[in-house]
Every structure is written in structure tokens, then in C-alpha cells.
Amino acid sequence: MTKLSVNVNKVATLRNARGGNIPDVVQVATDCQLFGAEGITVHPRPDQRHIRYTDVFDLQSKVYTEFNIEGNPTPEFISLIRKIRPTQVTLVPDAHDAITSNAGWDTVTHKDFLADVVNEFQTMGVRTSIFINASPEMVRMASQIGTDRVELYTGPYAEAYGAEKEKAIAPFIEAATLAKNLGLGVNAGHDLNLENLAYLYQNIPWLKEVSIGHSLISDALYMGLKETIKAYKNCLKESPEEV
């Protein structure tokens, strides 16, 4: 079964635009789980423009599914993980001024650094995932690093999906198949939505998890959070229900 992890960063963005605590990030995360999400994802950045480190601590006791914390493993981020001990850490090579994640790790260039970080988190009992582009070379090196999983950066897939979906999915099938054969779990995330998610799942049914935030929260403005989560989970079924 492919799990749906809801990224609640955009909820925090909306809250921060006005100040105060509306919408309540913790309550939204609680409701996402109640409505069927199998995980909650957060991605705290140094400028705290959406999820803040204080949010991560507030969520710690409320996430009873899987808690996935994404981020660039700076000393501050590593210290956070030592304190929280989430289910999973996803290592993302964000620049401090990045609007959103736009590329995966070069696991060849950063092999030694990533190996040290992965080893530290695994020693804590935290599952590790490395955010990578859909490249066989990046997958092979991730396997040598010793990570538990890789998360395929699906931005290019989403961008090309509308024009030629068979061509768009091809490198992801190749990378995901190689990862599976090397014993790595495979996650996926970035720009996945109700239009392109089912096709990704149909072609890579062994995905462990998809992490979705921006599109899901945007859809919830029209459909409501409960129905939106149901619709996304429906995309992760072998025989989707008629909608």
C-alpha cells in the first residue's frame, strides 16, 4: 500500500500571512489523520516562512501516524531531529533562499556528507530518505550511502505529464525499478496532484509513500479537506472508485 503523507506547510503559510493561529496547523494535521492520511510531512526552513521549529515540537505528540520531517541537514536541523526522533527524515538540498524544492541531491558529489548524516539518523532509530532526481546514477550512489529510501523528485514528471505522459513517466519507472532491485524503499513527491497521481501509482505501484502539500491544500479550498484526502487516496488504489 502506498501511503499518503500530507504536507501541511501551506497551512502554516496561510496562518503566517495574517499572524495569530488561524488556521491551526496542529488541528489541520490532526484532522488530516482523522480523514485517512497515513502520515504528516513538514519542511521547516531557516527563515520559518511557513512551518516553524515550534510547530514541529507542537506536532510531535499529535502525529500518531508517520511523522516525516524534510530539510537540509544543517546543524540546527540535525539538532531538531535529535530532539523529535520522527518516523522519517527526508534529506533535501534546499538553498536557504529557495522558494520550493527544485532538485534532488547529487549523491555522487555529496556521498561522504550524506553517508555521515544518514548514519547519524539511523543510529537514532530514524528512517532516512534522500530526495533525488530520477537518475540511475543517483539511485546507485544512494544505495551505497546506505539510506533506507529515496524520494524521487517528481517536478519534471508533473511538468511534462500533460504533453506526453508515457515519456514523462519513463525515467521514473527506470529509477524506481533500480531502487527496488537495490533494496531501497521508494517515495515520491513534488507537484503531484489529482490529475497525475494515479498514473504515477499505476506505473510504480511499489511506492512506499507520496508526500503532497500544495495541490492537496489548494484542492481542499473547493472540495473540503475530508473529501480531498479521500480523492487523493482513491488515486492510490489498483481500481480507483468512480468519482
Side-chain angles (χ1 to χ4, degrees), residues 3-72 74 76-77 79-90 92 94-102 131 151 154-155 158 187-197 209-236 243:
K3 295 181 178 180
L4 172 65
S5 185
V6 176
N7 187 319
V8 294
N9 278 19
K10 283 298 182 291
V11 178
T13 301
L14 182 59
R15 175 200 62 190
N16 296 352
R18 188 66 179 265
N21 196 39
I22 300 174
D24 185 332
V25 173
V26 173
Q27 186 61 55
V28 171
T30 300
D31 289 339
C32 285
Q33 295 172 105
L34 179 65
F35 297 152
E38 292 97 358
I40 298 296
T41 292
V42 293
H43 187 152
R45 287 184 166 89
D47 62 7
Q48 301 193 73
R49 64 178 177 271
H50 35 61
I51 285 292
R52 302 165 179 155
Y53 275 39
T54 52
D55 292 323
V56 181
F57 287 103
D58 290 342
L59 285 164
Q60 182 181 16
S61 64
K62 301 298 183 180
V63 178
Y64 55 84
T65 53
E66 292 203 349
F67 197 11
N68 173 45
I69 303 180
E70 302 178 340
N72 196 331
T74 62
E76 184 180 19
F77 182 83
S79 176
L80 175 71
I81 300 305
R82 287 194 187 107
K83 296 170 184 175
I84 299 293
R85 306 291 176 101
T87 315
Q88 177 175 269
V89 171
T90 301
V92 182
D94 280 337
H96 73 280
D97 57 350
I99 295 176
T100 187
S101 308
N102 56 16
F131 190 66
E151 179 174 328
T154 49
N187 297 340
H190 202 86
D191 288 343
L192 296 175
N193 56 40
L194 290 175
E195 180 182 359
N196 60 40
L197 178 59
E209 170 193 292
V210 291
S211 176
I212 306 176
H214 181 83
S215 293
L216 190 152
I217 298 302
S218 297
D219 289 333
L221 294 175
Y222 290 91
M223 300 168 60
L225 189 59
K226 183 176 183 178
E227 290 303 312
T228 299
I229 289 176
K230 180 181 177 181
Y232 274 86
K233 284 173 63 67
N234 190 41
C235 293
L236 302 172
V243 179

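Heavy atoms only: backbone and side chains are in, while hydrogens, waters and symmetry mates are out.
With Asn72 contributing its side chain and Pro46 its backbone, the two residues share no donor-acceptor pair below 3.5 Å. Side-chain atoms of Thr154 come within 3.5 Å of backbone atoms of His190 as a donor-acceptor pair (strictly under, hydrogens ignored). The main-chain N or O of His50 is found under 3.5 Å from a side-chain atom of Asn16 such that the two form a donor-acceptor pair. Under the 3.5 Å distance criterion, the side-chain polar atoms of Lys233 are matched with a main-chain donor or acceptor of Gly36. Remark: the backbone N or O of Ala29 is paired with a side-chain donor or acceptor of Gln33 at under 3.5 angstrom. Here the side chain of Asp31 pairs no donor or acceptor atom with the backbone of Leu34 at under 3.5 angstrom.
More than 12 heavy-atom neighbours from other residues, nucleotides or ligands sit within 6.0 angstrom of OH on Tyr64.
Interatomic distance, Glu151 CD to Thr41 OG1, rounded to the nearest 0.5 Å: 7.5 Å. Note that NE2 of His43 and OG1 of Thr90 are 9.5 Å apart. Values are rounded to the nearest 0.5 Å. In this structure, CD on Gln27 lies 12.5 Å from CD1 on Ile22, to the nearest 0.5 angstrom.
Between Ser211 and Glu70 the shortest side-chain heavy-atom distance falls below 4.5 Å.
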Contacts table for residues 55-62: side-chain donor-acceptor under 3.5 angstrom, sequence neighbours left out:
unit_1 : atom_1 : unit_2 : atom_2 : d
Asp55  : OD1    : Arg15  : NH1    : 2.8
Asp55  : OD2    : Arg15  : NH1    : 3.4
Asp55  : OD2    : Arg15  : NH2    : 2.8
Asp55  : OD2    : Arg52  : N      : 2.9
Gln60  : NE2    : Ile84  : O      : 3.2

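Under 4.0 Å is where a charged nitrogen must lie from a carboxylate oxygen, and between Arg45 and Asp47 no such pair does.
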